[in-house]
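Shown next, in structure tokens, is the structure this report addresses.
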Amino acid sequence: ETGVTQTPRHLVMGMTNKKSLKCEQHLGHNAMYWYKQSAKKPLELMFVYNFKEQTENNSVPSRFSPECPNSSHLFLHLHTLQPEDSALYLCASSLGDGTGGTDTQYFGPGTRLTVL
Amino acid sequence: GQSLEQPSEVTAVEGAIVQINCTYQTSGFYGLSWYQQHDGGAPTFLSYNALDGLEETGRFSSFLSRSDSYGYLLLQELQMKDSASYFCAVRDSDYKLSFGAGTTVTVRA
């Protein structure tokens, strides 16, 4: 399997549920990212991990909790979400070796989350 | 804060040329990237400009003027498969991209 994969692809949850999104990259990259994409809005960076260490938390509410057990896996744990959290959640990875250049980000297909 | 402006929608016919402009105001600047996203799909990388000038990759070209904080993506010989959203993004630190809201390009027969 190649590239960046995300599971589940679709998720419907109630406001009191707890669920987790999973992302896996098979590219040998060092940096992984969570983004939120809402209609007609820019992609919002949520979290950045580089070499398993969190380097960015973009003022994300505590009801979103990331976990990066190794450079290939990234989770987003969800609890007591609000309806306005419904969106497409995208995971991405990049080489992240700090040498400059494009550091192109490779995106997974996303998880379409609906909070009822 | 970070700010990237691009048009929300563009419509053109097959075979035409479309230019998508992007102006930015960011705290740092390492380069301007463009990503394409088809409906229901993942964003995919198209091009990157770190220095002023034009970069050409097949039917797509990207331009950057750092002094004007401005860039554009040029789509030539439009095809139906080019119907998608196009995002400009500024790399403003080692590991961070700030994205524009996207331009939806609709190609008509």
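These numbers were taken from a predicted model, which means no experiment stands behind them. So that the names make sense, note that chain A is the first sequence line, chain B the second, and so on, each numbered from 1.
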Q | Interchain contact, Glu44(A) with chain B, by part (heavy-atom threshold 4.5 Å) | A |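 Nothing of Glu44(A), per the 4.5 Å heavy-atom cut-off to chain B.
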Q.
Can you tell me which portion of Leu90(A) sits under 4.5 Å from chain B's heavy atoms? Options are side chain, backbone, both or neither.
A. side chain
**Q.** Most contacts with chain A, counted as non-hydrogen pairs under 4.5 angstrom, among Pro43(B), Ala42(B), Gly41(B), Gly40(B)
**A.** Pro43(B)
**Q.** Options Gly100(B), Gly31(B), Ala50(B), ranked by heavy-atom pairs under 4.5 Å with chain A, top entry
**A.**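 So the answer, after comparing Gly100(B), Gly31(B), Ala50(B), is Gly100(B).
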**Q.** Portion of Ser85(B) that has a non-hydrogen atom of chain A nearer than 4.5 angstrom
**A.**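 Answer is neither: Ser85(B) stays 4.5 Å or more from chain A.
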Q.
What part of Gln6(B) gets within 4.5 angstrom of chain A, counting heavy atoms only: side chain, backbone, both, or neither?
A. neither
(Q) Do Ser94(A) and His29(A) pair up side chain to side chain, a donor and an acceptor below 3.5 Å, judged on atom types alone? (A)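 No pair is found: no donor N or O on one side chain lies under 3.5 Å from an acceptor on the other.
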Q.
Could you walk me through whether Leu76(A) and Met46(A) satisfy the side chain to side chain contact (heavy atoms under 4.5 Å, CB included) test, starting with their C-alpha distance in whole Å, then the side-chain angles of each, then the deciding distance to 0.1 Å, before giving a yes or no?
A. CA-CA 10 Å; Leu76(A) 188 62; Met46(A) 300 174 73; 4.2 Å; yes
Q. Going only through I, L, V, M, F, W and Y residues with side-chain contacts under 4.5 Å, is there a path from Phe64(A) to Tyr49(A)?
A. yes
**Q.** Contact summary for Gln79(B) and Val107(B), nearest pair of heavy atoms
**A.** O-CG2, 3.5 Å
Q: Compute the ring centroids of Tyr35(B) and Phe87(B), then answer whether they are less than 6.0 Å apart.
A: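 Ring-ring flag for Tyr35(B)/Phe87(B): false, centres at least 6.0 Å apart.
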